[in-house]
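To keep things clear, I will list the structure first and then write my remarks on it.
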Amino acid sequence: MTDARVFATPAGVALGPLDAIADGAARNYVLQLRAGRFHGFVVRRSSAAWGYVDRCPHAGVPLAQRLDDYLTPKRDLIACSWHGALFRVEDGLCVGGPCAGARLTGWPVAVVDGMLVTAQPVHGA
């Protein structure tokens with residue numbers, strides 16, 4: 001194993017129950033893989049979940065300065081706490097701040113029988 005940072009995960013890694021993330025909240029995940037360490041986060045809304053690599057497209061740093069603090073106070077957007085960039089939850093598009101028009105790197109996740117698991121990337125989406 002290595003401490004190098006990786007930006008993708010294999011499909012089928014169990015992350016735990018979806019209920020471990022409060023509805024309307026986000027949670028950080030760090031996975032130690034053979035190739036290195038992966039940092040990502042998942043946003044939950046009801047029974048849906050969106051995953052992203054924890055890396056701001058503007059500065060290349062993790063988005064949250066405090067653990068699991070990825071959303072605006074209204075919980076309607078993802079926010080980079082370093083420079084104020086704002087991203088849509090549904091597709092990671094930056095809608096405000098220094099990287100407007102850029103996107104967060106998606107981290108494919110799925111909910112299977114109430115469990116959150118890593119998924120295959122969707123090509124052509």
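Everything numeric here is computed off the predicted structure, so don't read it as measured data.
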CD1-OH distance between Ile78 and Tyr52, expressed to the nearest 0.5 angstrom: 5.0 Å
Arg75 CZ: over 12 foreign heavy atoms closer than 6.0 Å: no
Arg27/Leu15 under side chain to side chain contact (heavy atoms under 4.5 Å, CB included): CA gap, chis, key distance, verdict: CA-CA 11 Å; Arg27 181 175 176 188; Leu15 300 173; over 6 Å; no
Side-chain donor-acceptor pair present, Tyr70, Asn28, cut-off under 3.5 Å: yes
Salt-bridge criterion met for Arg103 and Asp91 (N-O under 4.0 Å): yes
Leu116 reachable from Val43 in the ILVMFWY side-chain graph, under 4.5 Å edges: no
Taking every non-hydrogen atom, the tightest pair across Arg45 and Trp50: CB-CZ3, 3.8 Å
Closest contact, heavy atoms only, Val117 versus Ala14: CG1-CA, 4.0 Å
Spatial distance of atom CG (Leu31) from atom OG1 (Thr9) [nearest 0.5 Å]: 6.5 Å
Single-linkage hydrophobic cluster, 4.5 Å side-chain cutoff, Trp107 and Leu77 together: no
Closest approach of Trp82 to Leu63 (non-hydrogen atoms, all atoms of both residues): CD1-O, 3.8 Å
Distance, nearest 0.5 Å, that separates CG of Leu71 from CZ of Phe87: 12.5 Å
Residues Tyr29, Ile21; criterion side chain to side chain contact (heavy atoms under 4.5 Å, CB included); working and verdict: CA-CA 11 Å; Tyr29 290 88; Ile21 306 171; 3.6 Å; yes
Asp113/Met115 under side chain to side chain contact (heavy atoms under 4.5 Å, CB included): CA gap, chis, key distance, verdict: CA-CA 6 Å; Asp113 297 327; Met115 295 296 290; 5.5 Å; no
Polar side-chain atom of Asp54 near backbone of Phe41 as donor-acceptor pair, under 3.5 Å: no
Thr118 (side chain) donor-acceptor with Pro10 (main chain) under 3.5 angstrom: yes
For Val42 against Ala49, the heavy-atom pair lying closest together: CG1-CB, 3.8 Å
Backbone N/O of Ala11 and side chain of Gln120: donor-acceptor pair under 3.5 Å: no
Atom pair NE2 (His39) and CZ (Phe7), whose distance is rounded to the nearest 0.5 Å: 9.0 Å
Distance-minimising heavy-atom pair for His58 and Cys99: CB-CB, 3.8 Å
Nearest-0.5 Å distance that lies between atom SG in Cys80 and atom CG in Leu86: 9.5 Å
Minimal non-hydrogen separation, His83 against Ala59, with atom names: CE1-CB, 4.0 Å
Carboxylate-amine/guanidinium contact Asp19 Arg44, below 4.0 Å: yes
Hydrophobic cluster identity match, Val89 and Val53, side-chain contacts under 4.5 Å: no
Under 3.5 Å: donor-acceptor pair, side chain of Arg55, backbone of Leu104: no
